[in-house]
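Below: one structure, written as structure tokens.
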Amino acid sequence: MISIDLIREQPDVVRDAALRRGDDIQVDRILELDSRRRELIAEGDELRARRNQVSKALGETKEKPPEVLAEMRQVGARIKELEAEARTNDGELQALLLAVPNIPDADVPAGKDDSENVVIRTVGELPSFDFEPLPHWELGENLGIIDFTAGVKLSGSRFYVLKGKGATLQRALISWLLNLHTREHGYEELYLPYIVSRETVTGSGQLPKFADTMYHDDEDDMWLVPTAEVPITNMHGGDILSADQLPLNYVAQTPCFRREKAAAGRDTRGIKRVHQFEKVEMYKFVEPSESPAALDQLVADAEDVCSQLGIPYQVKLQCTGDMGFSVVRTYDVELWAPGCGEWLEVSSCSNCTDFQARRANIRYRPEVGARPRFVHTLNGSGLGIPRTMIAILEHYQQADGSVMVPEVLRPCTGFDRIG
RNA sequence: GGAGAGGUGGCCGAGCGGUUGAAGGCGCUGGUCUCGAAAACCAGUAUGGGAUUUAUCUCAUCGUGGGUUCGAAUCCCACCCUCUCCGCCA
């Protein structure tokens, strides 16, 4: 959520920023509702002040003049009217404010979709094969480690089963990642609920706008997490942190549940886009002045994973049209998958500045006695597991159909080759 | 799931219709004292909204939402959460 002060002071900046993303927002209506809001508060407060004064006086004497009581009854009724109008007014205002996206950084390239994202750097040589590299869905089936039929049998399309060394490879990858981030990158590990309340899913911004992208339990009104970002953001919801608690760096591995309705028909082969997948998520709560550097660190941590896996990757800066709603700047990290012949987004690292913090009400006190300020939040995958598995399988495949395990994972897998 | 107890400021805890935004204690910050520290003493110490001549004025908030009343932390209703015991269970 953006600050109402910013819209009041610089409506054009906010409007133009939304247009750069391809969103049209109702700035004029927001300003109108905001000024009505203040009128309602002024009148209501005045009446409440009078009522408080009279009630106090009545409390001090035994006299209860009926005409005063009658007048106060009217004042009370008017206050109720004003409160009702304020509720409707604020409801509409809130809804419109929640639809205003964050302001992209000035140097973020304009563009309408991911085709206009800008490659910042490419690291590592694209491998050449003296045989035709296979896509992971063929490798996985040939090796008996990915069973698509079983997934469909159990749950339907976009579900799969990992078997044998495939399942072990995933488990090894997860523990290697968590070890790396906790031991070398300075993150604290969290184990989180995978099913969260409506309040939690609202605090991080998925509700109300993205309700149909999540799985939901009607009976208890609980939601399956689409990313660890949801519970982590709300860990400190409503808190006022002290400056010496910052920065907070968290890492958590969770499954992510996504209905993928909007992507019907896209990426239907393999495990690139599925309804349930594992992800290791990095998350930072920092002081505002620190957030640009924290974003660079997040990207560096994701890149370190790619380098250590020994797979070529590239870093892209998202253009305005591809950026998420709550971010000012996002870098994607993509691993090269020679079998499907494409760069796979395995991490998306974003600076949300105070946008999420404002919504989830996460503040800190810069110094003892100072007014609380909103923190800045950042998140980045480190990494998404299925796509990393794809890159590993396709990059390390051999002419005989087997797959070598990357060096760094071998202590965790206990084997160096699949097949 | 059943029975009971309870949710008050950073924490503990009083209050149970009217000078209570809230006693008292702890903590924290500043000061006095001290070579320094501790102790003691003194002072200060919530968050958010609105107005503003930025000195200040005002409103809201005692789990949440309603209700009663001139007036609610205090009474009534609903919901949420925590704890204890019983049941069930990985």
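All chains are named by letter (A, B, ...) in the order of the sequence lines, taking the proteins before the strands, and each is independently numbered beginning at 1. Just the heavy atoms: all of them, side chains too, but no hydrogens, waters or symmetry mates, feed the values below. None of the values given here were measured: they were computed from a predicted structure.
The residue among A/Val54 and A/Lys64 whose nearest nucleotide of RNA chain B lies closer to the 5′ end is A/Lys64. In this structure, A/Ile41 and A/Leu58 both approach RNA chain B, and ranking their closest nucleotides by distance from the 5' end singles out A/Ile41.
The pair A/Lys56-A/Glu60 fails the salt-bridge criterion, with no side-chain N (NZ, NE, NH1 or NH2) lying under 4.0 Å from an Asp/Glu carboxylate O. Looking at A/Arg387 and A/Glu334, no side-chain N of the basic residue comes within less than 4.0 Å of a carboxylate O on the acidic one, giving no salt bridge. Note on A/Arg29 versus A/Asp34: no salt bridge recorded, every NZ/NE/NH1/NH2 to OD/OE distance being 4.0 Å or above. With salt bridges taken as basic N to acidic carboxylate O contacts below 4.0 Å, none links A/Glu287 and A/Arg373. A salt bridge does not link A/Asp332 with A/Lys316: every distance from a Lys NZ or Arg NE/NH1/NH2 to an Asp or Glu carboxylate oxygen is 4.0 Å or more. Using a 4.0 Å cut-off between charged nitrogen and carboxylate oxygen, A/Arg15 and A/Asp28 count as a salt-bridge pair.
Base pairing of B/G48: its partner is B/C59, meeting the Watson-Crick or G-U wobble criterion (both donor-acceptor distances under 3.5 Å). Checking B/U34 for Watson-Crick or G-U wobble geometry (two distances, each under 3.5 Å) identifies no partner in any strand. Judged by Watson-Crick or G-U wobble contacts below 3.5 Å, the nucleotide B/U20 has no partner. Partner assigned to B/A72 is none, using Watson-Crick or G-U wobble distances below 3.5 angstrom. Partner assigned to B/A39 is none, using Watson-Crick or G-U wobble distances below 3.5 angstrom. Pair check for B/C26 finds B/G10; Watson-Crick or G-U wobble, both atom distances under 3.5 Å. Using N1 to N3 plus N6-O4 or O6-N4 for Watson-Crick, or N1-O2 and O6-N3 for G-U wobble, each under 3.5 Å, B/G65 pairs with B/C77. Remark: B/G4 base-pairs with B/C83; criterion is Watson-Crick or G-U wobble with both hydrogen-bond distances under 3.5 Å.
Between atom CD of residue A/Glu85 and atom CG of residue A/Leu40 there is a gap of 4.5 Å, rounded to the nearest 0.5 Å.
Nucleotides B/U8 and B/G4, compared at atom C1', are 22 Å apart to the nearest Å. Separating the P atom of B/G10 from that of B/G87 is a span of 40 Å, rounded to the nearest Å. Between the P atoms of B/C80 and B/G13, the separation comes to 26 Å (whole Å). Rounded to whole Å, the C1' atom of B/G17 lies 15 Å from the corresponding atom of B/A22. Nucleotides B/A55 and B/G66 have their C1' atoms positioned 41 Å apart, rounded to a whole Å. Taking atom C1' in both B/G1 and B/G50, the straight-line distance is 49 Å, to the nearest Å. On the P atoms, B/A73 is 16 Å away from B/G7, given to the nearest whole Å. Across B/C79 and B/C70, the matching C1' atoms stand 29 Å from one another, rounded to whole Å.
When RNA chain B is scanned 5' to 3' for any atom under 4.0 Å from a heavy atom of chain A, the first and last hits are B/G18 to B/G71.
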After noting the C-alpha distance and the side-chain angles of A/Gln206 and A/Thr202, does the key distance pass the side chain to side chain contact (heavy atoms under 4.5 Å, CB included) rule? CA-CA 6 Å; A/Gln206 273 71 21; A/Thr202 306; over 6 Å; no
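Heavy-atom distances under 4.0 Å link RNA chain B to no residue of residues 25-36 of chain A.
At a threshold of 4.0 angstrom between heavy atoms, the contacts of A/Arg87 are confined to the sugar-phosphate backbone, with no base atom among them.
The two residues A/Leu317 and A/Pro109 have their closest heavy-atom pair at CD2-CD, 3.6 Å.
Between the side chains of A/Ser291 and A/Asn351, at least one donor N or O sits under 3.5 Å from an acceptor N or O.
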